[in-house]
Amino acid sequence: MPIDALAPYDDQNIFARILRGEIPNRTVYEDEWALAFHDINPQAPVHVLVIPKGAYVSWDDFTAKAPDEEVAGFIRAVGHVARELGLPATGYRLLANIGMHGHQEVPHLHVHIFGGRQMGLMLPR
Ligand code: 5GP
């Protein structure tokens with residue numbers, strides 16, 4: 001079920017638990033601002049999730065509340081991960097689902113990085 005992007009942060013969500021080390025993940029990259037790990041149900045040859053270390057429900061929550069340093073650190077981490085995965089040469093797709101219409105399922109901001117194949121049209125029609 002998609003989540004309500006305006007709901008308060010729930011520190012029992014699955015990505016909060018991954019950040020606390022309570023649930024294992026296949027880490028790709030970690031720094032002060034972000035953790036990147038393979039999606040458990042990959043939709044492309046490369047499907048990595050990048051999440052901020054701070055407690056933000058969604059892109060909306062993050063860009064409204066996070067300090068500039070945290071926003072910059074997180075966005076730079078997304079770019080860094082894509083480069084480390086060798087994706088810029090062929091291209092890749094970033095996706096952040098937000099709330100009900102975005103069909104966001106996990107209520108901790110995450111950016112999907114998809115790559116390794118032609119992604120096709122931007123949205124299903
Ligand atoms: P959303 O629809 O919220 O943008 O995407 C949530 C993503 O999280 C999905 O692609 C799903 O496969 C992934 N996911 C859900 N639970 C876990 C988990 O426990 N571990 C990992 N690595 N990915 C998860």
Residue pair Y9, Y56: steps toward the ring-ring contact (aromatic ring centres under 6.0 Å, His included) verdict: CA-CA 7 Å; Y9 187 80; Y56 300 98; 7.9 Å; no
Minimal non-hydrogen separation, D4 against V57, with atom names: O-CG1, 4.4 Å
Contact list for residues 78-102, test ring pair (Phe, Tyr, Trp, His ring centres under 6.0 Å), sequence neighbours left out: Y29-H80
Pairs involving residues 61-81, ordered by first then second residue, that meet salt bridge (charged side-chain N to carboxylate O under 4.0 Å, His left out) (sequence neighbours left out): D61-K65
F114 vs V46 side-chain heavy atoms within contact, under 4.5 Å: no
V48 vs D39, side-chain contact (heavy atoms from CB on, under 4.5 Å): CA-CA, chis, key distance, verdict: CA-CA 5 Å; V48 165; D39 195 289; over 6 Å; no
Counterpart residues, side-chain contact (heavy atoms from CB on, under 4.5 Å), relative to N97 (two or more places apart): L95, Q104, H112
Listed partners of T63 passing side chain to side chain donor-acceptor pair (under 3.5 Å), at least two apart: none
Heavy-atom closest pair, residues L87 and G116: CD2-N, 4.1 Å
Members besides L49 in its Ile/Leu/Val/Met/Phe/Trp/Tyr cluster (side-chain heavy atoms under 4.5 Å): I14, F15, I18, L19, I23, L35, F37, I51, V106
For the student: nearest non-hydrogen atoms of P2 and M100, plus distance: O-SD, 3.6 Å
Pair T27-N25, side-chain donor/acceptor within less than 3.5 Å: yes
Where A96 and V111 come nearest, the two heavy atoms and their spacing: CB-CG2, 4.4 Å
Over all atoms of both residues, closest heavy-atom pair of R117 and P45: CG-CD, 3.7 Å
Polar side-chain atom of Q43 near backbone of N41 as donor-acceptor pair, under 3.5 Å: yes
Residues which pass side chain to side chain donor-acceptor pair (under 3.5 Å) with E22, listed by chain and number, not counting sequence neighbours: R17, R20
Donor-acceptor under 3.5 Å (R93 side chain, G120 main chain): yes
Common cluster, W33/L85, ILVMFWY with side-chain heavy-atom separation under 4.5 Å: no
Test item: K53 side-chain N/O and E30 main-chain N/O as donor-acceptor pair under 3.5 Å: no
Spatial distance of atom OG1 (T90) from atom CE (M119) [nearest 0.5 Å]: 8.5 Å
Close side-chain approach of H38 and V28, heavy atoms under 4.5 Å: yes
L109/S58 under side-chain contact (heavy atoms from CB on, under 4.5 Å): CA gap, chis, key distance, verdict: CA-CA 4 Å; L109 168 61; S58 70; 5.5 Å; no
Heavy-atom pair of closest approach, residues F74 and P52: CE1-N, 3.4 Å
